[in-house]
Amino acid sequence: MSNRLFYAFDKDREFWLAALERAKFFKKNKISETEELQNKQVGLLFFEPSSRTRWSFEKACLNLKLDYMVSVVDQNTSHSKGERDEDTLELYLNLGFDLVVIRSKENTALQEVLKSYPHVKIINAGYGSQAHPSQAFLDYFTWTTEATSLSAKPKLLILGDIKHSRVARSHIRLSKILSYEVGLLEAPGFEVEEELKAAVVCFKDRKQALDWADLVMPLRVQKERHFEAKKWDFPPLRSKELKKDHFLLHPGPFMRNEDLEEDLIHDKKSLIFKQKENGVSCRMALISSMLKECEENKP
Ligand code: CP
């Protein structure tokens, strides 16, 4: 089994289903597996801003009673002297952690560095527009545990700025492993690449898309990744557009009245705050699964 959780497909169905059961256990018990994970050290390396992902990984480490270190690459690091991200990453991978959690912008030089350290366990906590597998997993965990009226193969509609969304790309990949359907309603000019579309249902008509869906996930307009000036012409999701049996998700951070109408945030169809809460138990499950694999893979 690969010691990387960079893309959803780095792990097989068996891994993800076992992680789901572990996350359910941690949600109920919120306790560590002290004996099994004792003396393990985790580094959390953040090149990019984060609130919910970083704090839930930190809290997951606390709950697991792990030794961990949070490292934010900012003006107080040698980044301010011009050190490149790939050199910072290489430095970090040499510090001797059992597992490193990384958030970064897209940078192929970082992926090249990771290839040179195949023995270091890695969890991707968000990589540019490309992948955010732990977010897709916690979304899946949330509807599986909270929306029990859903069919065995629920339909997830993702709408808005798909082009810049690592969450959308991770759902497209995870849906093939965990058997759910993904539909896209892309904002004009903010479409995902064609090769990923082969695996999803693409809609042009907003009403048709919403009629199709069980789960509705508007995305934030990810302006920090808009490198070319493009006109944004996509209305926020409105209360009146949701059906009685829809469930609402949002990976966060949500922008009121830009991604979705403010009233929807606390609507009874909304699982948004369940997603925030579940981030901790899901990340506990992923960290502990990876560290246990580490034990199993030892010569
Ligand atoms: N969903 C998500 O990645 O949120 P943060 O940027 O706050 O971590």
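In each ligand, atom 1 is the first atom listed, and ligand 1 is the first ligand listed.
- The atoms of ligand 1 that sit less than 4.0 Å from any heavy atom of Ser51 are 5 (P), 7 (O), 8 (O).
- Taking each of Arg103, Arg220, Arg54, Gln135 in turn, the one with a heavy atom nearest to atom 3 (O) of ligand 1 proves to be Arg103.
- Looking only at atom types and distance, the side chain of Asn94 has no donor-acceptor partner in the side chain of Glu90 under 3.5 Å away.
- Not close to ligand 1: Gly126, with no non-hydrogen atom less than 4.0 angstrom away.
- Close approach of ligand 1 to His132 (heavy-atom distance below 4.0 Å) involves ligand atoms 2 (C), 3 (O).
- Within ligand 1, the atoms closer than 4.0 Å to a non-hydrogen atom of Thr53 are 2 (C), 3 (O), 4 (O), 5 (P), 8 (O), numbered from 1 in the order shown.
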For this session: Check the pair Glu48 / Arg166 against salt bridge (charged side-chain N to carboxylate O under 4.0 Å, His left out), numbers first and verdict last.
Result: CA-CA 14 Å; Glu48 265 198 345; Arg166 49 197 176 201; 3.1 Å; yes
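- Nearest protein heavy-atom contact of atom 1 (N) of ligand 1 is Pro251 O, 2.9 Å.
- Arg206 forms a cation-pi arrangement with Phe234, by the criterion of a distance under 6.0 Å to the ring centre and an angle within 45° of the ring axis.
- Ring geometry for His119 versus Tyr117: interplanar angle of 30 to 60°, hence tilted.
- Closest heavy-atom approach to atom 7 (O) of ligand 1 among the candidates Glu48, Arg166, Arg52, Gln275: Arg52.
- In summary, Glu146 and Lys27 engage in a salt bridge, as defined by a charged side-chain N under 4.0 Å from a carboxylate O.
- For ligand 1, the polar-atom distance check against Pro49 finds no nitrogen or oxygen pair separated by under 3.5 Å.
- Annotation: side-chain hydrogen bond (donor to acceptor under 3.5 Å, both in side chains) contacts of Gln75 (sequence neighbours excluded): none.
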